[in-house]
Amino acid sequence: MILLQVQQVARYFGADTLFENVSLDVSDNSRIALVGRNGVGKSTLLKMIIGNESPDAGQITKKKGLTIGYLAQNTGLESDKTIYAEMLSVFERLQIMERNLHEMEAKIADPGADHSSSAYSQLLNQYDQLLHDFEEQNGYGYEAEVRSVLHGFHFEQEDYDRKISSLSGGQKTRLALAKLLLEQRDLLILDEPTNHLDIDTLTWLEGYVQNYKGALLIVSHDRYFLDRIVNEVYEISHHHSSYYKGNYSAYIDQKAERLRQDWKNYEKQQAEISKLEDFVNKNLVRASTTKRAQSRRKQLE
């Protein structure tokens, strides 16, 4: 299923073009790398996708109800809460369900309740439905998930009560990414997510995002990280986008092959141009071959 389509979008600065005719498709199971040299407009395109900026041309269409998580470069989590409380806030709906379950359990266990009444029967049905929804949404496992993700980012139990406002910039960035992973959005967009990560954390992150249920769109200069995660590459180069199937290494190989083919076609074209020019120069003044020479001149043009 297509989640999002970028169709022929452009960004201009006066008479200058940052990029144009850029297209990109994101499906529900996509693992996409967006690559290109610094300054080609990758972060600008991401801001268009999340709706922070509008394209100067083209359009971006999204599936109704699409949820997007976005981590900008070097963005830290700002909060007055403790580390653990902030991560738990992702599961506020489950916490409300949990409280409702406990309230229902108290009513069901009330010795004064009339077990034969329709109200009691309705209460049991509501409880069964709520319990089913709670279990289906990992109600009994979300706290373990929080602890697992925090551990992956080197936050242990003794850190849980630390105020986020007291942390370093690098720690806040890691927490911003941790919270995004816990939110499990339909599309996760990461701009240079491996900044501030050591080897152990990077290895853990690779394993986690490989099993991520939603789609991934990643900008990164870490080719080894991309090799392990992505299976599609979009490159912005010379103001336009190009598409490559496969991981980062496959993209490098395919790009080299395209470049070889382009040079081959260019050299062939130059030889053809030279041949046509020679024919035109020799035959344009001859009455018998002037029409043919004019036809070749048109080909040259």
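When reading the values below, keep in mind they use all heavy atoms of this one structure, side chains included, and skip hydrogens, waters and symmetry mates. Counting begins at 1 with the first residue of the sequence.
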Worksheet item: Got a sec, which residues hit salt bridge (charged side-chain N to carboxylate O under 4.0 Å, His left out) with K179, two or more places apart in sequence or on another chain?
Response: E86
Discussion item. Between D159 and R162, does any NZ, NE, NH1 or NH2 come within less than 4.0 Å of an OD or OE carboxylate oxygen?
Written reply: yes
Practice prompt. Would you mind listing every ring pair (Phe, Tyr, Trp, His ring centres under 6.0 Å) that reaches into residues 162-193, with sequence neighbours excluded?
Written response: none
Fill in: Ring geometry between Y120 and H115 (parallel below 30°, tilted from 30 to 60°, perpendicular above 60°)
parallel
Worksheet entry | side-chain hydrogen bond (donor to acceptor under 3.5 Å, both in side chains) involving E20 - partner list, sequence neighbours excluded | Y12
Worksheet item: Can you pull the side chain to side chain donor-acceptor pair (under 3.5 Å) pairs that have at least one residue in residues 35-44, sequence neighbours excluded?
Response: N38-H221, S43-D191
Worksheet entry | Counterpart residues, salt bridge (charged side-chain N to carboxylate O under 4.0 Å, His left out), relative to E143 (two or more places apart) | none
Discussion item. Before we go on, tell me: are the rings of Y244 and Y234 under 6.0 Å apart, centre to centre?
Written reply: no
Item to complete: First locate atom CG of D28, then atom OG of S30, and finally report the distance between them rounded to the nearest 0.5 Å.
Response: 7.5 Å
Item to complete: Could you pull out all residues at least two apart from Q59 that satisfy side-chain hydrogen bond (donor to acceptor under 3.5 Å, both in side chains)?
Response: Q7
Worksheet item: Considering residues at least two apart in sequence or located in another chain, which fulfil the side-chain hydrogen bond (donor to acceptor under 3.5 Å, both in side chains) criterion with R147?
Response: none
Worksheet entry | Listed once per pair and sorted, the salt bridge (charged side-chain N to carboxylate O under 4.0 Å, His left out) pairs that draw on residues 205-215, sequence neighbours left out | E206-R228
Validation: residues 45-55 side-chain donor-acceptor distances under 3.5 Å, sequence neighbours left out:
| unit_1 | atom_1 | unit_2 | atom_2 | d |
| --- | --- | --- | --- | --- |
| E53 | OE1 | R11 | NH1 | 2.8 |

Worksheet item: Just how far is it from atom NZ of K63 to atom CD1 of I2, taken to the nearest 0.5 Å?
Response: 11.5 Å
Discussion item. Would V233 and I32 count as a side-chain contact (heavy atoms from CB on, under 4.5 Å) here? Give the steps.
Written reply: CA-CA 6 Å; V233 176; I32 297 170; over 6 Å; no
Worksheet item: For the side-chain contact (heavy atoms from CB on, under 4.5 Å) test, which of L77, V149, L180 pairs with L175?
Response: L77
Discussion item. So, using side-chain hydrogen bond (donor to acceptor under 3.5 Å, both in side chains) as the criterion, who are the partners of E105 when residues are at least two apart?
Written reply: H102, Y127
Response to the item:
Excluding W263, membership of its hydrophobic cluster (Ile, Leu, Val, Met, Phe, Trp, Tyr; side-chain heavy atoms within less than 4.5 Å) reads L259, Y266
Item to complete: Would you mind listing every ring pair (Phe, Tyr, Trp, His ring centres under 6.0 Å) that reaches into residues 60-90, with sequence neighbours excluded?
Response: Y84-Y160
